[in-house]
Amino acid sequence: MHRYWKLIYHLVIKEDARILEISQDRKQIWLETGTKNQKAVVRLARIEYDWMNKVEHDAKEAERMYQRVKRMVLGRNVPFYNVYISSYPPADLTQSLNSYPAMPKSGRFYLISRDPSGRIAESEEQVLKDLGTRFTWSPALEDEYSHEDWGRYYRAEVKERQEKLEKEDRSLLLFTKPRIVYVILAAIVSVFVWMEQTGESTNLVTLIEFGAKYNPALLEGEWWRLFTSMFLHIGVFHLVMNSLALFYIGGAVERMYGTLRFLIIYLTAGIFGSLASFTFNEQVSAGASGAIFGCFGALLYFGLIHRALFFRTMGLNVLFILGINLVFGFVVPAVDNGAHIGGLAGGFLASALVHLPKHGRRRTQLPFIILIPGLAACLLWYGLINEDKQGSAMVDVQLAQQYLERDNAERARQILNEEGNNGSNPYVPFVLGNTYMAENQYERALSFFQEAISINDELAEAHYNLAVAYSALERWEEAEQSLNRAKQLGIENQSEDVDVKSMEERVNANLP
């Protein structure tokens, strides 16, 4: 036992190796050793195998474990050293492990044991030489006490060092308890319940009334929407997914950075996400996604400062989840990926500004005081000059239709008249016609339905509504023509609100 623990002691205490994993029986330990630029994974195992087939099986298992363990080590092509420590070598082993043909080729294997013949076993000196360690092996002092006493001493020293390192890691990862994240979650859920009681969270009118990001309103000076949109969500699924992400990702960031720093990061990322959405996306948008992506940015900044700890704990999971979300945003058109990327950048920059607790202030933080507002101003400026993203005809059509469903035809017309019609979107005059139909102004409605048909003659709903308007004006022959065209285009299959049979009976009854 003392040779096993002494080698671990030498690597951990003298060479600053880091324990990555240790088995419950403490007969197997994985270490990360080497310099910053040249890392290595070392596995030390206490074994008492009589035959080589057991060693072969263990070596294959160790190779599989190495593929998992090496992901905790920062670097590429990390070499693997597997060191067995045994009282005696297996009875059927006649050559060194590295020369044995059945051993895996992904690493170097060593056997340290009592071998009177000197033909098989390697020494601790050989292992350390191959590892390129700084200090030489010192076999002295062991004879002064029993091997068991020395083994307990080495084990206690290694345990004390490991506990010290783990305490340092915990102080970085668990600086404080999450508090404000629960307040934010409560606010998000409360606003969602309020929205559902007032209208529907998926309704554009409700979203805009509650403060969603709506480019025309922003251009009119309602800049507070950049903030309020962070607390709105579109549907239960959107709410649940963002709440879970905020609970786990936001909670982790608040633990690392502290409450005040987390709040600054969260709000900065949310504002950046809203600005990026205003600049690059004309749709009505809402949600905490930009701020949550800012939390990913904070984790990436932590990884930049503490790379080894980041990859040893959460690094690969963070990068994988972040990558999946970004790809999903690019693939699914409904996702506001501009807000996600803007929030990610804002969170990273805010993290660099506030820095991590107990790290002191650095001169490198000073440029971010200028960079953050400067970048925000650039996003705002580009959004103001990017006319393609300042409004959307289809968004306004949907919004006007929903106002019309609320019997607010005047507001619906205001929205569409402000948008105007460039001759390419037939739904603008179509919905305008509907607003006049709702007020029984059939002559006025006719002109808009005819305009919609002139843009797109295959718009069946426009032909049908034109037939309705003609029949209301008792222009039965024109109503019949419009109705036949609507039927030809398959109006029955396009709308559940259309009663073609009843309309047809009315027209036929009044034809000469």
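In this text, all values refer to a predicted model and were calculated from it rather than measured experimentally.
One distance of note links CG of L239 with CD of E196; it measures 9.0 Å at 0.5 Å rounding. For the atom pair CG of L263 and CD1 of I184, the computed distance is 6.0 Å after rounding to the nearest 0.5 Å. We find the CG-CD distance between L31 and E15 to be 11.5 Å, quoted to the nearest 0.5 Å. Annotation: the span from L319 atom CG to I324 atom CD1 amounts to 12.0 Å, rounded to 0.5 Å. Note that CE of M195 and CD of E209 are 10.0 Å apart. Values are rounded to the nearest 0.5 Å. The OH atom of Y248 sits 13.5 Å away from atom CD1 of I292, with the distance rounded to the nearest 0.5 Å.
Of the N and O atoms on the side chains of H355 and Y257, not one donor lies less than 3.5 Å from an acceptor on the other residue. A side-chain N or O of N242 and one of H233 form a donor-acceptor pair less than 3.5 Å apart. Donor-acceptor pairing under 3.5 Å is recorded for the side chains of Q162 and E166. The closest side-chain donor-acceptor pair between D336 and S289, if any, does not fall under 3.5 angstrom.
Side chains of N82 and R108 form no contact here, defined as non-hydrogen atoms less than 4.5 Å apart. Side chains of Y153 and Y9 form a contact here, defined as non-hydrogen atoms less than 4.5 Å apart. For the pair F272 and L344, the minimum side-chain heavy-atom distance is 4.5 Å or more. Looking at heavy atoms from C-beta onward, L244 lies out of side-chain contact with L246 at the 4.5 angstrom threshold. Proximity of L128 to L7: side-chain heavy atoms (C-beta onward) are separated by under 4.5 Å at one or more points. The closest side-chain heavy-atom distance from V354 to F262 is not below 4.5 Å. Counting only heavy atoms from C-beta outward, the side chains of V55 and L111 never approach each other to under 4.5 Å. Within the 4.5 Å cutoff, no side-chain heavy atoms of Y301 are placed close to those of L299.
Counting all heavy atoms, side chain and backbone alike, E282 lies closest to N215 at CA-ND2, 3.6 Å. A pairwise comparison of heavy atoms in L232 and A212 identifies CD1-N, 3.3 Å as the closest pair. Residue G250 comes nearest to V181 through the heavy atom pair C-CG2, 4.2 Å, listed as atom of the first residue, atom of the second, then distance.
Taking the charged nitrogens against the carboxylate oxygens, E222 and R225 do have a contact shorter than 4.0 Å, which makes a salt bridge. Using a 4.0 Å cut-off between a side-chain N of Lys or Arg and a carboxylate O of Asp or Glu, R68 and E21 qualify as a salt bridge. The existence of a salt bridge linking D16 and R161 is confirmed by a sub-4.0 Å separation between a basic side-chain nitrogen and an acidic carboxylate oxygen. Salt bridge annotation for R179-E254: absent, with no cationic side-chain nitrogen under 4.0 angstrom from a carboxylate oxygen.
A donor-acceptor contact shorter than 3.5 Å is absent between the side chain of E32 and the backbone of R18. Here the side chain of S113 pairs no donor or acceptor atom with the backbone of S87 at under 3.5 angstrom. Checking side-chain atoms of K129 against main-chain N and O of E124 turns up no donor-acceptor pair under 3.5 Å. In this structure a side-chain-to-backbone donor-acceptor pair under 3.5 Å is present from T228 to G211. Between the side chain of R46 and the main chain of S86, no donor-acceptor pair closer than 3.5 Å is present. Using a distance-only test at 3.5 Å, with no hydrogens or angles considered, no donor-acceptor pair links the side chain of D58 to the main chain of K54. The backbone N or O of N281 sits nowhere less than 3.5 Å from a side-chain atom of S277 that would complete a donor-acceptor pair.
Enclosure of atom CE in M314 by more than 12 non-hydrogen atoms of other residues, nucleotides or ligands within 6.0 angstrom is indicated. Enclosure of atom CD in E48 by more than 12 non-hydrogen atoms of other residues, nucleotides or ligands within 6.0 angstrom is indicated.
Residues passing the side chain to side chain donor-acceptor pair (under 3.5 Å) test with Q28 are W30, R43, sequence neighbours excluded. In this view, A350 and I265, T268 satisfy the side-chain contact (heavy atoms from CB on, under 4.5 Å) rule, not counting sequence neighbours.
Relative ring orientation between F80 and F109 is described as perpendicular, the plane-to-plane angle rising above 60° on a 0-90° scale split at 30° and 60°. Using bins of under 30°, 30° to 60° and over 60° for the plane-to-plane angle, the ring pair Y81/Y110 lands in the parallel bin.
If you run side-chain contact (heavy atoms from CB on, under 4.5 Å) between L380 and each of L375, T279, L218, L275, only L275 comes through. For the ring-ring contact (aromatic ring centres under 6.0 Å, His included) test with F210, the passing option among W194, F192, W224 is W194; the others fail.
The six-membered or imidazole ring of H10 lies away from that of Y154, with a centre-to-centre distance of 6.0 Å or more.
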